[in-house]
Amino acid sequence: MVVRFAPSPTGPLHIGGVRTALYNYLLAKKHGGKFILRIEDTDQVRFVPGAEEYIMNALEWCGIRVDYGVREGGPAAPYRQSERSDIYERYAQTLLASGNAYLAFDSAESLDDTRKKAEAAGNHGWQYNYKTRMEMENSFTLSPEVVKSRKEAGESYVIRLNVPENREVHFFDLIRGEIIVHTSQIDDKVLMKSDGLPTYHLANIIDDHLMHVTHVIRGEEWLPSAPLHILLYEAFEWTPPSFAHLPLILRPDGNGKLSKRDGDRLGVPVFPLDWTDPVSGEKTSGFRESGYLPDALVNFVVLLGWNPGNDEEVMTQERMSDLFDIERIGKSGTKFDIDKLHWFNQTYLKEKPEESFLDFVKEFLLKNGFNTNFSDAYLLKAIRLMKERVVLVKDFVVKAPYLFKEPEYDEAFLTKQWNENGKKNLIALSSHWESFPSEKWHTETLQPDFHEWITTNSIPNKFILPQLRLALTGVSGGPDSIAIADLLGKNETISRLARLIAHA
RNA sequence: GCCCCGUUCGUCUAGCGGCCUAGGAUGUCUCCCUUUCACGGAGAAGACCAGGGGUUCGAAUCCCCUACGGGGUACCA
């Protein structure tokens, strides 16, 4: 089994692309096959520098390993279509020679004009096909001599597929079953553009054949052009691979395909990694930098349109590939539900060791203007305190900024809890802790001592607990106050008490 | 416009003719645990299976029609 993921480097890899790549990868892994990453950069206009690099890095972050590709090389190298032009040119000539393709001189502008005129006349969706090609300028309507001379005069032309008349094209989709399309619905697609580069359709078929791809798993947006591809395989007299067209990933709200705009609007990433548009300079944040774990993302994504047929949801990549099966891929579009992703993230986060978040937290503190002179021991302790309370990795800081800087008092909490009784008790606690031995400043000793202090002084919980929390964190929720005091250390704890006491 | 694909709790889905008074997960709500928050535990609400016709002893499951949604209709992929 040989599969491939064939993105165009026109921008960062979208979450839908991640899923397509993942399904291909999982299938190859399950069957001991090969997974190819082929870069389809035949459109010079839409090419975006850095996108190719981004795609490879994103796949790597997701734990999707490429067998053959631009970086890895392989038996059918090169794997970048822009480096395979001579191959496409050669095969285009064979199509021309066999009469399965023909030359057309109509310019993009004149075609545009033709479409507009047809539209104005009430004819929607004009197509260059066997019904209209006899009215156009091509090797059907022009004499061989004229064709030759125009070609030699340097006039630009394209090569189009000679779609057979009045036929049904049948093919079997592994997900959707038998699909039949009449050739009257298929236009004479451009195979070679006037710039000498192939279109997707031609390059794709040639490469899949040359790279011995056995299963083509791609997005549903390709389903309508699949019959065209079948025709191409026929023209070359090649056996087509098996096809599986994946349902689309839809917007979380409303309808339509998930786009970058939706991500921006809802504050949800749609790209694996941060991306800066090389032209506009616009920055888009990725799942990684937003604090999502790759394992969680992948686990979430694999279930978007596929399920193992049992109740298993949290799965290792090994388990996924063991269980994966094209037959169990759904047919309908799936909405991108960020809540479920959050649940997966939290679930994976709880299982991971504290050390694994160290680098992220350090970087996050640095990027967000916090002090960065915390020791690893301090950070690890802080992480341990917050572990059950975070959803995203950045929450270690975002949900507990007071562990890394002076607390900001929440207005509502302050108004509700800050009173004379509390103040009096806090002053008493402060002086009690002043005399507490520094070397015993640990939760294990602090905790029982604190309880004893409360009891012996007959202090009601409601006049000390909330106030202590307020002084330490400024907010109403969070880890145990004594544990926070332990982390902060004696000096910082007492200084925070003093600061609240001094507060009006 | 034309063509293709789809339609089960808010969301992801199980279901491939009788096991379905439709199961799980997530989200929501309630209670327990907890001197906060979260975690954890226990429960609840939530789907007339898009609508209408058939086929059948029997349909969420098969067929047809309609509606709605999505995709395609480029010298983009």
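A, B, ... follow the sequence lines: proteins, then strands. Residue 1 opens every chain. Reckoned from all heavy atoms, side chains included, excluding hydrogens, waters and symmetry mates.
Taking atom C1' on both B:rA50 and B:rU7, the two are 6 Å apart, rounded to the nearest angstrom. The same atom, C1', is picked in B:rC20 and in B:rC29; the two are 26 Å apart, to the nearest Å. For B:rC65 and B:rG71, the P atoms lie 24 Å apart once the distance is rounded to whole Å. To the nearest whole angstrom, the two C1' atoms, one in B:rG43 and one in B:rC48, are 25 Å apart. The gap from the C1' atom of B:rU28 to that of B:rU11 amounts to 12 Å, rounded to the nearest Å. Taking the C1' atom of each, B:rC32 and B:rA38 are spaced 15 Å apart, rounded to whole Å. Between B:rC63 and B:rC2, the distance separating the two C1' atoms is 25 Å to the nearest Å. Distance check on atom C1': B:rC9 versus B:rU21 gives 16 Å, rounded to whole Å.
Salt bridge absent: A:Glu354 and A:Lys381 never bring a charged side-chain N and a carboxylate O closer than 4.0 Å. Between A:Glu119 and A:Lys116, no side-chain nitrogen of the basic residue sits less than 4.0 Å from a carboxylate oxygen of the acidic one, so the salt-bridge criterion is not met. With respect to the salt-bridge test (charged N to carboxylate O, under 4.0 angstrom), the residues A:Arg4 and A:Asp208 qualify. For the pair A:Glu40 and A:Arg80, the salt-bridge criterion is not met [side-chain N within less than 4.0 Å of a carboxylate O]. Remark: A:Lys340 engages A:Glu313 in a salt bridge, criterion side-chain N to carboxylate O under 4.0 Å.
At the heavy-atom level, A:Asp112 lies nowhere under 4.0 Å from the strands shown. A:Gly219 comes within 4.0 angstrom of nothing in the nucleic acid, heavy atoms only. Counting non-hydrogen atoms under 4.0 angstrom, A:Leu465 reaches a base of the nucleic acid. Within the nucleic acid shown, A:Ser107 comes within 4.0 Å of at least one base atom, counting heavy atoms only. Residue A:Gln127 is in sugar-phosphate contact alone, with no base atom involved, counting any heavy-atom pair closer than 4.0 Å across all strands shown. Residue contacts shown for A:Asp106 include a base, since a base heavy atom lies under 4.0 Å away. In this structure, A:Ser476 reaches the bases: a heavy-atom distance under 4.0 Å links it to at least one base atom across the strands shown. Using a 4.0 Å heavy-atom criterion, one finds that A:Arg218 contacts no nucleic acid atom at all. A:Thr334 comes within contact range of the sugar-phosphate backbone alone, with a heavy-atom separation under 4.0 Å but no base atom that close.
In terms of phosphate contacts, A:Arg176 brings no side-chain nitrogen or oxygen within less than 4.0 Å of OP1 or OP2 of B:rC4. For the OP1/OP2 pair of B:rG40 and a distance below 4.0 Å, the side-chain nitrogens and oxygens of A:Lys350 include at least one atom meeting the criterion. An OP1 or OP2 oxygen of B:rA14 is reached within less than 4.0 angstrom by a side-chain nitrogen or oxygen of A:Asn307. Look at A:Thr199 and you won't find any side-chain N or O under 4.0 angstrom from OP1 or OP2 of B:rA77. When the side-chain nitrogen and oxygen atoms of A:Arg115 are compared with OP1 and OP2 of B:rA74, one or more of them lie within a distance under 4.0 Å. An OP1 or OP2 oxygen of B:rA77 is reached within less than 4.0 angstrom by a side-chain nitrogen or oxygen of A:Lys193.
With B:rU36, B:rG27, B:rC5 as the choices, the nucleotide that has an atom nearest any side-chain atom of A:Leu223 turns out to be B:rC5. Taking only side-chain atoms of A:Asp337, from C-beta outward, the nucleotide of B:rC4, B:rU26, B:rG70 with the closest atom is B:rU26. In the set B:rC4, B:rA77, B:rC12, B:rC12 carries the atom at the smallest distance from any side-chain atom of A:Lys340. Ranking B:rA77, B:rA14, B:rA25 by closeness to the A:Glu313 side chain, first place goes to B:rA25. Taking the side chain of A:Asp311 as heavy atoms from C-beta on, and the options B:rG24, B:rC4, B:rC75, the nearest nucleotide is B:rG24. For A:Leu111, the side-chain atoms get nearest to B:rC75 when compared with the rest of B:rC12, B:rC75, B:rG6. Distances from the side chain of A:Arg46 to the nucleotides B:rC75, B:rA77, B:rC37 place B:rA77 closest. For A:Val181, whose side chain is taken as the heavy atoms from C-beta onward, the closest listed nucleotide among B:rC3, B:rG27, B:rA77 is B:rC3. You'll find that the side chain of A:Val190 is closest to B:rC75, out of B:rG71, B:rC75, B:rC37. The listed nucleotides are B:rC75, B:rA77, B:rC4; the one nearest the side chain of A:Ala108 is B:rC75.
Rounded to a whole Å, the CD1 atom of A:Ile205 is 13 Å from the C1' atom of B:rA77. Counting to the nearest Å, the C1' atom of B:rC3 and the CD atom of A:Glu220 are 14 Å from each other. Look at OH on A:Tyr157: it is 17 Å from P on B:rC75, rounded to the nearest Å. With rounding to whole Å, A:Met386 atom CE is found 16 Å from B:rU36 atom P. A:Leu323 has its CG atom 16 Å from the P atom of B:rU13, to the nearest Å. Spacing between atom CG of A:Leu341 and atom P of B:rG27 amounts to 12 Å, rounded to whole angstrom units.
Looking at which nucleotide of RNA chain B each of A:Pro247 and A:His124 is closest to, the 5′-most match is held by A:His124. Taking the nucleotide of RNA chain B with the nearest heavy atom to each of A:Glu109 and A:Gln185, the more 5' of the two is matched to A:Gln185.
Pair check for B:rU55 finds none; no Watson-Crick or G-U wobble contact set falls under 3.5 Å. Under the Watson-Crick or G-U wobble criterion, with both distances below 3.5 Å, B:rU26 is paired with B:rG10. Base pairing analysis places B:rC2 opposite B:rG72; the two distances defining the Watson-Crick or G-U wobble pair are each below 3.5 Å. Using N1 to N3 plus N6-O4 or O6-N4 for Watson-Crick, or N1-O2 and O6-N3 for G-U wobble, each under 3.5 Å, B:rC20 pairs with nothing. Base pairing analysis places B:rA45 opposite nothing; no Watson-Crick or G-U wobble pair with both distances below 3.5 Å involves it. Across the strands present, B:rC33 finds no partner; the criterion is a Watson-Crick or G-U wobble pair with both atom distances under 3.5 angstrom.
Contact check for A:Tyr128 versus A:Val190: no side-chain heavy atoms found under the 4.5 Å cut-off. Taking the side chain as every heavy atom from C-beta outward, A:Leu500 and A:His503 approach each other to under 4.5 Å.
Within a 6.0 Å radius of CD in A:Glu178, more than 12 heavy atoms belonging to other residues, nucleotides or ligands are found. Within 6.0 Å of CD on A:Glu83 lie more than 12 heavy atoms contributed by other residues, nucleotides or ligands.
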